[in-house]
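What follows is a single structure, written as C-alpha cells, with notes after it.
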There are 2 protein chains.
Amino acid sequence: MGKQAPIGVFDSGVGGLTVAREIMRQIPNERIIYFGDTARVPYGSKSQFTIIRFVRQIVHFLETKEVKAIVVACNTASAYALETIERELKIPIIGVVKPGARTAVRTTVNGRIGVIATDATINSGMYTRFIQGINPDLAVYGKACPLFVPLVEEGMLHDFVTEEIANRYLEDLKKQDIDTLILGCTHYPLLRSLIGKCMGVSVQLVNPAYETAISLRELLKEKELLADPLPEGQMVHHEFYVSDGAEKFEIFANSILPYDIRKTQVIDIEGY
Amino acid sequence: MGKQAPIGVFDSGVGGLTVAREIMRQIPNERIIYFGDTARVPYGSKSQFTIIRFVRQIVHFLETKEVKAIVVACNTASAYALETIERELKIPIIGVVKPGARTAVRTTVNGRIGVIATDATINSGMYTRFIQGINPDLAVYGKACPLFVPLVEEGMLHDFVTEEIANRYLEDLKKQDIDTLILGCTHYPLLRSLIGKCMGVSVQLVNPAYETAISLRELLKEKELLADPLPEGQMVHHEFYVSDGAEKFEIFANSILPYDIRKTQVIDIEGY
C-alpha cells in the first residue's frame, strides 16, 4: 500500500468524528475514509461476539477502499475487537484505548486513575489492563455512564439534568480521590466542561482522541507511510460513509468538523 | 398453516415483551416464538429504509419457524415497515399502531389525542393517519421522547430526573388540552404512573399492547386459526430468540413475564 493511500477511521456512529477531527489537525496531509455504523449504533450495550462481527464487516469495507492503516475511533470496538482483528489484518490498525491509557499513566501524580465509558468498555476491563500493564502499582476505577450518550444526542450539554446525572455517576469516583479521569467514550469530550465542573480542578481530564492522532502519526512515520503534502492549492478530499441516515450524520458532522461535508454515502455494511 | 402453529412476535429488543405478555394473558393457548433484535436495537432513531430491511430479515427467520401469524410488537417497525411487509407475506401480520389508534379514537371525548413515541414513529405520522382515517375531525398531537427508553433501561422508573424530563417532553401536549394519550413505544407503559402523574387524572393513557392482543384474538378467530387448548396438565411452550446478549435479555424478560424463561437462543439475523 502506497503512502498516498487513505486512512480508514470508523466508529459505531458519529462519536468517532471527534477522533477524525484530531487526525485532520495533527496530520493534515492524510486523507480519511470515515465509516459510521449508524444502522447498528450504539455498540456500548452489546456483546463482544456481536461487536467483533460488526468490526470485521467494517474492516472488509475499508479494505475495498485500499486504506493503508485503520483507526478504531470507538472505545467499545477498541476494547472488544481490536486484538482479534489485529491478528487477521496485514495493514496496521490502532484503537483509542491504548493511547488513552498511556496518557493517563503519564498524567497521574497520585497513581489513582478513573475511567468513564459505556457498559461494554468498562466490563471489558481493557483500560485497567493497559494501564496496569505499563505500571502495576496504579489504581484504576471504572464507571459506566449509559445515559451520557443519549443526553449528548439530545443536545443537553449544559443542562442541570445532565449535571444531576453526572453527579450521580461520578460520586463514587470522587470518593476514590483520583487525580486523572479518562473520557473513555468518543461522545464524552462534548460533556467536558460539565464533567470538569463536577470533578473539580484537581482532576485532569484525558481525551484519548488527541493522543490517538499523535500515535497514528508516529506509527505512519515509523512505517514510512506518512502522506506527502499535496501540490499547493489542492485540498485533501475526505470521504464519509454510514450504514443509515446520511442527512442526520451530516448535520452532526458539520457541527463538529472544521468544514462542511456533503455527499455522505449510505452503504449496506451487512454485505461485507 | 395449521391452527396449532405458533405465533411470531418481534421487537427491536425487550420492549415487545409487554405485548407478548398481553397475548399470553388474552389468548393463553397460543404458542409464541419471540424475537428481539438486541444486536441492532434501538430502531427509533433509524431510517425507514433500514427498518424495512431489518424487518424483512426477521420475518424470514420467523417463517422458518412456520408461524401462522406475525405480531410486530414494536411501534417504530409497525409505523415504518408493516404496510410494505404485509404485501410480501401470505400469512396475516398485525402491528401495534392500528390497535392503539382505534382505542384512542374510542376513548377520546373532546376529540384531542396526544401520541408519545420514538423520533421515527412520530416522524412517520402513522398514528395521525390511522386516527384521522377513522375520524378526520380528531386532532392529533405527537411528541418524540428519545430519552424515555434509556431512562427505563437504567431502571429510573420513579426518579425525579425522569419526572423532570417527562415534564419537559409533555409540556406542549398539556397545553393542547388533550384528554387521551397513546403510549406509542413498548417501553413507555413502564413509565405509566409517572406519565399519568405528569398529565393529571383528566387524561386517559392508552397502552396499545392490550388492544393488540385483542385484535390478534379476533383475527385468529376470523381466520379459524385459534389454537385448541392443550390436554390438561400440559403447558404452552414459548420460544425466545435474540440477535445478541441472551443473558441480559432473560434478566429483563424474567422481570416482566409471569414466569421465568431459560435457554434464550442467539441467532445471526443478518443471515436471513
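Computed over heavy atoms, backbone and side chain alike; hydrogens, waters and symmetry mates excluded.
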Could you tell me which portion of A:S45 (side chain, backbone, both or neither) has an atom closer than 4.5 angstrom to a non-hydrogen atom of chain B?
both

What are the two closest non-hydrogen atoms of A:I182 and A:P208, and how far apart are they?
CG2-CG, 3.9 Å

Strictly distance-based, threshold 3.5 Å: is any side-chain N or O of A:Y188 a donor or acceptor partner for the main-chain N or O of A:A117?
yes

Chain B contact via A:E164 - which portion, at a heavy-atom distance below 4.5 Å
side chain

In terms of relative ring orientation, are B:Y272 and B:F61 parallel, tilted or perpendicular, with 30° and 60° separating the classes?
perpendicular

One option among B:I51, B:D244, B:I165 has the most heavy-atom pairs under 4.5 Å with chain A, and it is B:D244

Heavy-atom proximity to chain B below 4.5 Å, by part of A:Y43
neither

Most contacts with chain A, counted as non-hydrogen pairs under 4.5 angstrom, among B:A39, B:G245, B:P42, B:P150:
B:A39

Interchain contact, B:F49 with chain A, by part (heavy-atom threshold 4.5 Å)
neither

Interface moiety of A:Q48 toward chain B, non-hydrogen atoms closer than 4.5 Å
neither

Classify the ring geometry of A:F148 against A:Y169: parallel below 30°, tilted from 30° to 60°, perpendicular beyond 60°.
perpendicular

Contact summary for A:L170 and A:I116, nearest pair of heavy atoms
CD2-CG2, 3.7 Å

Which one of B:K248, B:E153, B:E154, B:M156 has the most heavy-atom pairs closer than 4.5 Å to chain A?
B:E154

Give, as side chain, backbone, both or neither, the part of A:V149 having an atom under 4.5 angstrom from any heavy atom of chain B.
neither

Mind checking whether A:F252 and A:H187 have parallel, tilted or perpendicular rings, split at 30° and 60°?
tilted

With B:T76 as partner, the option from B:T121, B:N123, B:T186 fulfilling side-chain hydrogen bond (donor to acceptor under 3.5 Å, both in side chains) is B:T121

Option in B:V41, B:T38, B:L151, B:D37 with maximal non-hydrogen atom pairs under 4.5 Å from chain A
B:V41

